[in-house]
Protein chains: 2
Amino acid sequence: MFENPLNRLIRRLEVDTTALSQAEKDAILRLPMTIKEVGADQDIVREGDRPTQCCVVVEGFQCRYKMLLDGGRQILSFHVPGDMPDLQSLFLSTMDHSLGTLTPNRVALISHDALRELIRVQPALAERFWRESLIDAAIFREWITNVGSRDAYARLAHVICEFYVRLRAVGLTKDATFDFPITQTELADATGLSTVHVNRSIQQIRANGLIIWERGACTIPNLAALKEAAMFEPNYLHMREGNAAA
Amino acid sequence: MFENPLNRLIRRLEVDTTALSQAEKDAILRLPMTIKEVGADQDIVREGDRPTQCCVVVEGFQCRYKMLLDGGRQILSFHVPGDMPDLQSLFLSTMDHSLGTLTPNRVALISHDALRELIRVQPALAERFWRESLIDAAIFREWITNVGSRDAYARLAHVICEFYVRLRAVGLTKDATFDFPITQTELADATGLSTVHVNRSIQQIRANGLIIWERGACTIPNLAALKEAAMFEPNYLHMREGNAAA
DNA sequence: ACTTAGTAATAACATACGCTAAGCAAGGCG
DNA sequence: CGCCTTGCTTAGCGTATGTTATTACTAAGT
């Protein structure tokens, strides 16, 4: 089903809006690209870089982050297959943050030139990609709310909830189970908590039966309950009702 | 200089990139719009709304925010003249947050139809507006970092720093002084702190001579010092060096 | 089989920040 | 002119979360 590495991207561009025309799909599938395998914990681009290409996640997980002066890091978002985490570099020449892998990845690299040509030939696609970057921003807004307003318990539940719902939208869940190869340290960097407190809170979440999480695989026995604990409202993901709802 | 209410917007679209063509400028200035006066603390659009127009701030300050289940609110961003705080509604039909005034405002309302027609006729303008929404997202990223990684003192200093730099970029500062009619409660909602702790921390910032802030006017005697306290790096604003630098 | 290194779990202690409450100043308004 | 509201300030106390450290577990490497 996903023989072409960009098929998942196409599927994403159609979420909660009209289907792409065949000509538009073809134009995307014909994009010149480089497929690359990248190990875990490698940077794709770094703060200060001036990229000349964009990255599409084909397989594996990535995150965007900023390094702090005191050596800490703030994770800004997680990325799953189908995402274009550095799409913004098309119009913001200098990276204001870094993009790296969390696990081994397969990525597709597409030059800015090819993307510019694509949206010149198919102007309607520009709006699709623009829309993607607006959803990106919507997720950032929710993360501000998450770190700014929720306690550790809800904050972690929220991150897990979002991860699950986004994975499900690209068909990467098996019922209530999904890959979650994220370390507690990474969760700490994403939520602005210490690793110790992440551990404490995760155990509470586990003890309350909201998640079963072992060796990189996570199951959500009762999604409604987890959502409630997380105060998770999927509207900010701007997916079609069927994808975002329980 | 700013006789047309959209002149400041045009100036913004040219920051850190090439100048607009005369035809592009004319197309923007000819946009059909409604000028409206709005009182302080009024909503422009609310979470759940499906707007049919976008708002340009002509005069006054606005903020975007989310209401929480427990009655609290998280402020997501501040907006100054020249901003289009709900530009995203052009492609995300349902608002995932609210937009409201902090002070009395003059706003220009432009229908989505007119904006779509504008970018159809002047496709290069689509990229300018797209770019604006990418900078918007960059600011959200910095706010995640702010609430996730900085202590109260730096967090507040950072918000003030950003406010000043953004105001200066649109010519709304007088040397080191600028309008800052934000209440401590609003600062608390923006930083995820309690009002009491905002008060404590602001007084420290004052005591250290980093700001002089009385009756809605703020002065920064030593911008370099404030930036350092805030760990403020203006790169995320993607302004031209001359605007962002000290 | 024995490291080595990453990750997770737990404990003891420290603190930045939240909460409740009360007083005070300044501006709007009858 | 006094009231009322809004915002700012200060105090006292509680707690969610941070810090440092130790131990155990697992997987990978030699």
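The chains referred to below are lettered A, B, ... by the order of the sequence lines, with proteins before strands, and numbering in each begins at 1.
- Within a 6.0 Å sphere centred on CD of Gln204(B), heavy atoms belonging to other residues, nucleotides or ligands number more than 12.
- Between the side chains of Arg200(B) and His197(B), a donor-acceptor pair is found at a separation under 3.5 Å.
- A donor atom on one side chain and an acceptor atom on the other are not found under 3.5 Å apart for His97(B) and Glu142(A).
- The side-chain contact (heavy atoms from CB on, under 4.5 Å) check on Asn199(A) picks up Gln184(A), Gln203(A), with sequence neighbours excluded.
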Nucleotide N/O of nucleotides 27-30 of chain D paired with protein N/O under 3.5 Å:
none

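- Glu214(A) has its CD atom 14 Å from the C1' atom of dC25(D), to the nearest Å.
- From one end of the helix from dA1(C)-dT30(D) to dG30(C)-dC1(D) to the other, with five pairs defining each end axis, the axis direction shifts by 30° (rounded to 10°).
- Atom CG in Leu156(B) sits roughly 16 Å away from atom P in dA16(C) (whole-Å rounding).
- Rounded to an integer number of Å, the gap from Leu102(A) CG to dG6(C) P is 16 Å.
- Taking the six-membered ring for Trp and the full ring otherwise, Phe61(A) and Phe78(A) have centroids separated by 6.0 Å or more.
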If you look only at distance, which donor and acceptor atoms sit under 3.5 Å apart when one is on a side chain in residues 68-77 of chain A and the other is two or more places apart or in another chain?
{"residue": "Asp70(A)", "atom": "OD1", "partner": "Gly72(A)", "partner atom": "N", "Å": "2.9"}
{"residue": "Arg73(A)", "atom": "NE", "partner": "Asp189(A)", "partner atom": "OD2", "Å": "3.1"}
{"residue": "Gln74(A)", "atom": "OE1", "partner": "Ser149(B)", "partner atom": "OG", "Å": "2.7"}
{"residue": "Gln74(A)", "atom": "NE2", "partner": "Asp189(A)", "partner atom": "O", "Å": "3.2"}
{"residue": "Gln74(A)", "atom": "NE2", "partner": "Ala190(A)", "partner atom": "O", "Å": "3.4"}
{"residue": "Ser77(A)", "atom": "OG", "partner": "Arg64(A)", "partner atom": "NE", "Å": "3.4"}
{"residue": "Ser77(A)", "atom": "OG", "partner": "His79(A)", "partner atom": "NE2", "Å": "2.8"}

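- If you check every strand for non-hydrogen atoms under 4.0 Å, Arg206(B) touches sugar and phosphate atoms only.
- Pairs passing the salt bridge (Lys or Arg N to Asp or Glu O under 4.0 Å) check and including a residue from residues 205-224 of chain A, sequence neighbours excluded, do not occur.
- Qualifying side-chain hydrogen bond (donor to acceptor under 3.5 Å, both in side chains) partners for Tyr236(B), counting only residues two or more places apart in sequence or in other chains: Glu162(B).
- Note on Gln184(B): a side-chain N or O is less than 4.0 Å away from OP1 or OP2 of dT9(D).
- No donor-acceptor contact under 3.5 angstrom links the side chains of Asn105(A) and Gln42(A), judged on distance only.
- Every salt bridge (charged side-chain N to carboxylate O under 4.0 Å, His left out) that Arg46(B) has, sequence neighbours left out, goes to Asp43(B).
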Identify all pairs in which a protein N or O lies below 3.5 Å from an N or O of nucleotides 10-13 of chain C, and state each distance.
{"residue": "dT10(C)", "atom": "OP2", "partner": "Gln203(A)", "partner atom": "OE1", "Å": "2.5"}
{"residue": "dT10(C)", "atom": "OP2", "partner": "Gln203(A)", "partner atom": "NE2", "Å": "3.3"}

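- Contacts of Thr52(A) classified as side-chain hydrogen bond (donor to acceptor under 3.5 Å, both in side chains), with partners at least two apart in sequence or in another chain: none.
- Atoms CG (Leu193(B)) and C1' (dA16(D)) sit 14 Å apart, rounded to a whole Å.
- Separating the NE2 atom of His197(B) from the P atom of dG7(D) is a distance of 21 Å, rounded to the nearest angstrom.
- A search for salt bridge (charged side-chain N to carboxylate O under 4.0 Å, His left out) contacts involving Glu59(A) returns Arg106(A), not counting sequence neighbours.
- With sequence neighbours excluded, the residues satisfying side-chain hydrogen bond (donor to acceptor under 3.5 Å, both in side chains) with Thr219(B) are Thr177(B).
- For Asn4(B) (side chain) and Leu6(B) (main-chain N/O), a donor-acceptor pair under 3.5 Å exists by modelled atom type.
- Between the C1' atom of dT19(D) and the CG atom of Asp151(B) lies a distance of 15 Å, rounded to the nearest Å.
- Shown for residues 64-77 of chain A: no residue has heavy atoms falling under 4.0 angstrom of DNA chain D.
- The nearest whole Å value for the distance from the CD1 atom in Ile202(A) to the P atom in dT17(D) is 13 Å.
- Among the protein residues, Thr183(A) comes within range of the sugar-phosphate backbone only, with heavy atoms under 4.0 Å from sugar or phosphate atoms but none that close to a base.
- Rounding to whole angstrom units, CZ of residue Arg150(B) and P of dG18(D) are separated by 17 Å.
- Nucleic acid contact class of Gly216(B) (heavy atoms, under 4.0 Å, all strands): none.
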